[in-house]
Amino acid sequence: MRIVVLAGGIGGARFLRGLRRAVPDADITVVGNTGDDIHLFGLKVCPDLDTVMYTLGGGIDEERGWGRADESFRVKEELAAYGVGPEWFGLGDRDFATHIVRTQMLDAGFPLSAVTEALCDRWRPGVRLIPMTDDRVETHVAVESDGERKAIHFQEYWVRLRASVTAEAIVPVGAEHAKPAPGVLEAVAEADVVLLPPSNPVVSIGTILAVPGVREAVAGADAPVIGLSPIVGGAPVRGMADKVLAAVGVEATAAAVAEHYGADLLDGWLVDAVDADHVDRVEAAGIPCRAVPLMMTDVEATAAMAREALALAREVRPA
Ligand code: GDP
Ligand code: CA
């Protein structure tokens with residue numbers, strides 16, 4: 001079975017671990033979000049690609065959910081001693097090596113997709129990880145501060161400001177001219193099922209879908225497209241997705257996120273058991289919907305979610 005997953009960082013990575021457990025023999029292609037990418041200290045940092053790579057490769061810091069296990073921050077301390085920031089973005093010593101290797105390869109002329117493949121040679125994530133595009137896309141957030149409207153990098157909004165100022169618009173800068181990375185459209189076209197994990201619908205999956213051709217390919221795929229809600233009981237399970245949903249005029253509920261993706265994209269939607277009362281609304285929008293446990297408390301619980309998603313795929317599109 002060929003499965004394509006459009007993934008952000010922590011939510012996507014944790015789901016993928018469960019999916020791998022649920023279908024160990026499946027051929028899984030992950031299209032990763034690169035809208036979170038940022039240049040720091042002269043290095044290209046790809047937080048979502050790395051979260052997927054480290055999580056599936058066994059190198060993640062489980063507690064934080066990002067960065068390397070057994071990490072130290074001595075380089076960052078030394079940089080701070082020179083007054084060189086930003087101090088608000090956590091880059092650990094072990095993590096630095098990844099960004100150095102990536103930047104060297106990019107500078108040598110390799111596209112990000114080839115670089116990601118090379119990094120995965122070490123991590124063996126058990127999936128094929130492709131960035132959504134080899135072109136530069138950076139999500140910016142329009143905010144109003146001191147009566148002035150300005151656009152800031154997504155990481156500044158998310159990590160430095162903890163989404164504490166109102167986001168008025170989310171703009172994936174560069175997306176309109178970006179091309180899907182080699183293999184992305186092919187994987188979608190050949191997939192038996194496409195899954196939208198419980199990743200951020202705006203700044204993770206929304207950004208991937210903003211690359212011209214991707215949304216069209218997913219919506220038009222022969223394969224059923226099944227999504228899992230990142231919103232449970234009217235709030236994100238983790239993080240501040242409600243803030244970026246508000247910026248695009250979507251309420252933070254499991255049903256509203258399904259409607260936001262739309263019946264043209266989704267062939268099925270899973271909401272958490274606590275949101276069982278949302279099922280009728282989602283189905284009224286033309287999207288088959290089931291309520292099942294959606295808390296990724298451990299790998300086995302997550303594998304059960306993946307099985308439910310695949311079961312719904314078979315139900316809506318019997319082979
Ligand atoms: P990020 O790039 O690290 O922010 O990660 P993603 O975009 O892949 O995923 C973030 C989303 O994962 C958040 O909106 C969370 O609500 C969601 N999430 C995290 N843990 C869980 C969980 O256990 N269950 C569900 N349903 N969603 C989760
Ligand atoms: Ca992210």
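One-based numbering, in listed order, for ligands and for the atoms of each.
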Taking the N/O/S atoms of D36 one by one, which is nearest to the Ca ion (ligand 2)?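 Among the N, O or S atoms of D36, the one closest to the Ca ion (ligand 2) is OD2.
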
Can you check whether [X] has an N/O within less than 3.5 Å of an N/O in ligand 1?
{"X": "S199", "answer": "yes"}
{"X": "A241", "answer": "no"}
{"X": "L294", "answer": "yes"}

If the threshold is 4.0 Å, N to carboxylate O, is there a salt bridge linking E78 and K76?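 Here E78 does not pair with K76 in a salt bridge, since their nearest N and O are not under 4.0 Å apart.
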
Under 4.0 Å between a side-chain nitrogen and a carboxylate oxygen: does that hold for R74 and D93?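 A salt bridge is absent here (no side-chain N lies under 4.0 Å from a carboxylate O).
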
Within a distance of under 4.0 Å, is there any protein heavy atom near atom 9 (O) of ligand 1?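 It does: a protein heavy atom is found less than 4.0 Å away from atom 9 (O) of ligand 1.
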
Any idea which heavy atoms bring [X] and [Y] closest together, and the distance?
{"X": "A285", "Y": "A263", "result": "O-CB, 3.4 Å"}
{"X": "W88", "Y": "V159", "result": "O-CG1, 3.1 Å"}
{"X": "S204", "Y": "G9", "result": "OG-N, 4.4 Å"}

For [atom], the protein heavy atom that lies nearest, with its residue and separation:
{"atom": "atom 12 (O) of ligand 1", "result": "P198 O, 2.8 Å"}
{"atom": "atom 2 (O) of ligand 1", "result": "G9 N, 2.9 Å"}
{"atom": "atom 5 (O) of ligand 1", "result": "I10 N, 3.0 Å"}

Would D48 count as a contact of ligand 1 if the rule is a heavy atom under 4.0 Å away?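 In this structure, D48 qualifies as a contact of ligand 1 - some heavy atom is under 4.0 Å.
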
Take every heavy atom of S229, measure it against each atom of ligand 1, and state whether any distance is under 4.0 Å.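 It does; at least one heavy atom falls under 4.0 Å.
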
Any chance you could lay out the side chain to side chain donor-acceptor pair (under 3.5 Å) test for H99 and R102, step after step, and finish with the verdict? CA-CA 5 Å; H99 312 312; R102 172 184 293 124; 3.2 Å; yes

Measuring from [atom], which candidate in [options] has the nearest non-hydrogen atom?
{"atom": "atom 20 (N) of ligand 1", "options": "V244, V237, I231", "value": "V237"}
{"atom": "atom 7 (O) of ligand 1", "options": "A13, G32, S204", "value": "S204"}
{"atom": "atom 13 (C) of ligand 1", "options": "R238, M296, R14", "value": "R238"}

State the NE2-OG1 distance between H39 and T103, to the nearest 0.5 angstrom.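 If I round to the nearest 0.5 Å, the distance is 7.0 Å.
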
Taking a hydrophobic cluster as the set of Ile, Leu, Val, Met, Phe, Trp and Tyr residues connected by side-chain heavy atoms closer than 4.5 Å, whether directly or through intermediates, do L265 and W269 fall within one such cluster?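 Yes, because L265 and W269 connect within a single hydrophobic cluster, where side-chain heavy atoms sit under 4.5 Å apart.
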
[X] heavy atoms, cut-off 4.0 Å: which ligand 1 atoms fall inside?
{"X": "P236", "result": "16 (O)"}
{"X": "N200", "result": "6 (P), 7 (O), 9 (O), 10 (C), 11 (C)"}
{"X": "G12", "result": "8 (O)"}

Can you check side chain to side chain donor-acceptor pair (under 3.5 Å) on Y54 and T98, steps first, answer last? CA-CA 10 Å; Y54 292 157; T98 303; 2.6 Å; yes

Identify which one of D275, L270, I287 satisfies the side chain to side chain contact (heavy atoms under 4.5 Å, CB included) criterion when paired with V282.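 Testing each of D275, L270, I287 against V282, the sole residue satisfying side chain to side chain contact (heavy atoms under 4.5 Å, CB included) is I287.
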
